[in-house]
Protein chains: 2
Amino acid sequence: MPQSPVSQSDPLREQIIAQFDGMSAQLQQAARYVLEHPEEVALVSMRELARLAAVQPATMTRLAKVLGFQGYNEIRAHYAETVRQRNDGFAAKVRQRDAQAASPPDSDIAYHMLHGLSAQMAALCEPEPLKRLTAMAERLAAAKKVYVLGLRSSHVVAWHFHYVMSLLGERSVHLDGPAGTGGDALIRAKPDEVVLVVSIKPYALDTLTLAQLAKEKGLAILSITDSEVSPLAGISEHTIYCATESYSFFHTLTPALAVSEVLCTLLAEFDRPSALKALQDADDHLAHLNTYSNTLPRRE
Amino acid sequence: MPQSPVSQSDPLREQIIAQFDGMSAQLQQAARYVLEHPEEVALVSMRELARLAAVQPATMTRLAKVLGFQGYNEIRAHYAETVRQRNDGFAAKVRQRDAQAASPPDSDIAYHMLHGLSAQMAALCEPEPLKRLTAMAERLAAAKKVYVLGLRSSHVVAWHFHYVMSLLGERSVHLDGPAGTGGDALIRAKPDEVVLVVSIKPYALDTLTLAQLAKEKGLAILSITDSEVSPLAGISEHTIYCATESYSFFHTLTPALAVSEVLCTLLAEFDRPSALKALQDADDHLAHLNTYSNTLPRRE
DNA sequence: AATTCAATAAAACAAATGGATCATTGTTTT
DNA sequence: AAAACAATGATCCATTTGTTTTATTGAATT
């Protein structure tokens with residue numbers, strides 16, 4: 001019999017307790033059931049809840065009004081929300097803070113977005129995703145060459161992966177180019193090479209087409225995508241799933257980028273000495289070109 | 001909306017995935033939403049769920065039948081039960097503990113990286129960074145035009161910001177181009193415009209030079225960088241600091257990308273209706289061009 | 001003991017829900 | 001090209017839902 005508290009501090013719960021003594025017998029009976037089975041409120045209809053609490057349906061409506069709500073649905077909405085929040089707050093240790101207190105209203109959105117991202121990173125720390133990450137890294141390490149494909153918003157991830165890989169060595173080819181020439185590099189592709197495909201919803205048609213073409217040429221497909229039912233899942237030898245939901249109307253690419261960074265690191269780690277050497281070479285090269293600086297250039 | 005944890009092992013989930021390929025387009029769309037938002041199934045009505053999944057109500061009924069249920073209510077009942085069980089089973093926390101003990105050795109690195117990233121995201125939730133984020137978003141919103149500058153590894157962030165902004169409207173110009181032409185767009189820059197500069201250590205000299213040039217032309221500099229002593233800090237009207245340390249020899253750009261995403265969202269949020277309209281227009285445009293697809297193209 | 005008044009139960013209601021039917025569309029097969 | 005087919009969208013229906021209204025009970029006050 002589940003009756004664990006929805007969460008330690010629930011303002012509505014406190015309110016019900018505070019008003020409890022002033023309620024009539026039937027109201028108390030209804031309130032008691034709500035306190036003891038908060039999830040049920042979100043999960044069943046009002047009449048069903050009334051039946052479970054052995055109370056008239058109307059009593060639930062009255063309870064809502066007594067608590068200052070306009071109707072019963074507002075109570076249900078509240079408990080539904082707590083269920084939702086408990087669900088994505090499985091990295092809940094982070095949820096201690098009441099930062100909004102002294103913050104401007106707009107930063108609510110920012111707070112929620114960043115908080116959610118933090119949780120999504122934490123989700124990638126689970127054994128299953130970790131296993132997939134290492135497996136894919138190993139497959140990448142074994143490949144003669146890695147073609148990197150990601151269009152539209154996924155371009156950021158593909159580009160980043162390619163950029164880092166190109167610092168590390170020569171094995172990476174970025175499938176991108178003007179006027180639809182992006183796929184041309186695949187012309188001479190051989191079966192001992194692989195394609196790393198990045199695509200999240202909405203899936204770019206060109207990405208899917210190129211991926212399929214590559215597969216038909218015998219290349220292994222490794223993909224970073226957003227769900228088990230992504231069109232890429234079916235044709236991929238390895239797949240890593242990363243969340244893309246955020247508290248805005250955009251999808252987020254941050255978890256995907258994190259995945260890319262982890263892959264790069266694991267790849268480098270497989271052969272640490274030569275990775276370090278490659279980075280050193282790159283450093284030297286760029287130093288000669290005066291690519292970097294720690295201070296603003298002086299203006300004459 | 002928050003994203004759901006890929007739940008550990010749910011037989012129904014597996015079944016949906018198994019049958020997914022055999023479903024029609026609409027059924028897939030419905031199924032996809034169910035997979036991605038399992039708790040919503042338990043929390044809202046069928047019609048509401050259909051609305052959220054952008055699908056006809058009847059499609060949900062059909063989905064139920066395809067999955068072998070007698071009616072939709074059986075699906076809801078299943079997910080309601082899942083929610084109930086998750087509630088009293090805070091044994092889940094314990095499960096996480098011993099599970100990560102049995103992880104493969106290589107995933108230690110991955111685990112630490114991701115864990116660290118999660119913490120860095122959480123750090124951005126502090127009041128101080130939030131204040132800086134909103135302040136910068138307001139400044140960006142006030143500007144007539146936004147030039148976006150980020151080279152080398154910072155390119156990812158700059159490109160992403162520009163990409164999203166270009167979906168939203170016309171105010172963004174990406175300072176990038178072949179053969180060092182990247183800065184040319186600044187030629188006609190006017191003082192009521194701003195430059196968003198992204199640069200982390202090592203700081204690309206070209207970035208600093210262009211930023212300084214812009215400042216001399218009277219443009220405001222807004223920067224995303226990695227420390228208070230970054231060369232950009234001194235010349236910027238607003239600065240956002242984000243961590244770049246990771247458990248590898250690379251610096252991480254994930255927090256910077258997150259910052260970019262938050263900025264985009266806040267900007268859109270300032271004028272939500274027109275942002276939604278712009279996105280709708282972009283959607284329509286891309287739909288006409290057949291840019292996206294949910295399934296692999298058929299090969300003849 | 002009669003009256004008042006709040007609390008409860010019962011009934012009635014409109015709105016919504018889940019489900020079924022049928023016409024239309026788009027695709028595949030002949 | 002026509003026919004057959006499945007998929008989709010629109011409409012309709014019987015239930016169920018949350019809520020309001022009305023009637024009944026029961027206790028407290030006079």
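Just so we're on the same page: letters track the sequence lines, and every chain starts at 1. Excluded from the calculations below are hydrogen atoms, water molecules and symmetry mates; all remaining heavy atoms, backbone and side chain alike, are included.
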Between [X] ([atom1]) and [N] ([atom2]), how many Å, whole number?
{"X": "B:Arg47", "N": "D:dT17", "atom1": "CZ", "atom2": "P", "result": "15 Å"}
{"X": "A:Leu63", "N": "C:dT8", "atom1": "CG", "atom2": "P", "result": "12 Å"}
{"X": "A:Leu49", "N": "D:dT19", "atom1": "CG", "atom2": "P", "result": "12 Å"}
{"X": "B:Gln56", "N": "C:dA20", "atom1": "CD", "atom2": "C1'", "result": "14 Å"}
{"X": "A:Met46", "N": "D:dT20", "atom1": "CE", "atom2": "C1'", "result": "11 Å"}
{"X": "B:Tyr72", "N": "D:dA14", "atom1": "OH", "atom2": "C1'", "result": "19 Å"}
{"X": "B:Glu48", "N": "C:dG18", "atom1": "CD", "atom2": "C1'", "result": "15 Å"}
{"X": "B:Ile75", "N": "C:dG19", "atom1": "CD1", "atom2": "C1'", "result": "14 Å"}

Of all the choices, [options], which nucleotide is nearest to the side chain of [X] once you look at every atom?
{"X": "B:Arg62", "options": "D:dT20, C:dG18, D:dT8", "answer": "D:dT8"}
{"X": "B:Ser45", "options": "C:dA10, C:dG18, D:dT8", "answer": "C:dG18"}
{"X": "B:Asn73", "options": "D:dT8, C:dA10, C:dG18", "answer": "C:dG18"}
{"X": "B:Gln26", "options": "C:dA9, D:dT8, C:dG19", "answer": "D:dT8"}

> Shortest non-hydrogen contact from B:Glu261 to A:Leu253?
Replying inline: OE2-N, 2.6 Å
>> When you compare the side chain of A:Tyr241 with that of A:Pro129, does any pair of heavy atoms fall below 4.5 Å?
In response: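 Result no, sub-4.5 Å side-chain heavy-atom pair not found.
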> What does C:dA2 pair with, Watson-Crick or G-U, if both distances are under 3.5 Å?
Replying inline: D:dT29
> So does A:Lys65 get a side-chain nitrogen or oxygen closer than 4.0 Å to the phosphate oxygens (OP1/OP2) of D:dT20?
Replying inline: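 Checking D:dT20 against A:Lys65, a side-chain N or O does come within under 4.0 Å of OP1 or OP2.
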>> Under 4.0 Å from OP1 or OP2 of C:dG18: is there any side-chain N or O of B:Thr61 that close?
In response: no
>> Here's a test for you: under side chain to side chain donor-acceptor pair (under 3.5 Å), which of A:Glu39, A:His37, A:Glu40 qualifies with B:Arg84?
In response: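 Answer after filtering A:Glu39, A:His37, A:Glu40: A:Glu40.
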>> Counting the atoms with a prime plus P, OP1 and OP2 as sugar-phosphate, which does A:Ser24 contact under 4.0 Å by heavy atoms, base, sugar-phosphate, or nothing?
In response: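 Contact class for A:Ser24: sugar-phosphate only.
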>> Under the criterion ring pair (Phe, Tyr, Trp, His ring centres under 6.0 Å), I'd like the reasoning laid out for A:His174 against A:His155: C-alpha separation, chi angles, the key distance, then a yes or no.
In response: CA-CA 10 Å; A:His174 190 193; A:His155 170 81; 5.6 Å; yes
> Are the side chain of A:Gln28 and the backbone of A:Gly22 linked by a donor-acceptor contact shorter than 3.5 Å?
Replying inline: no
> Nearest nucleotide by nearest heavy atom, which residue falls closer to the 5' end of DNA chain D, B:Ala58 or B:Gly22?
Replying inline: B:Gly22
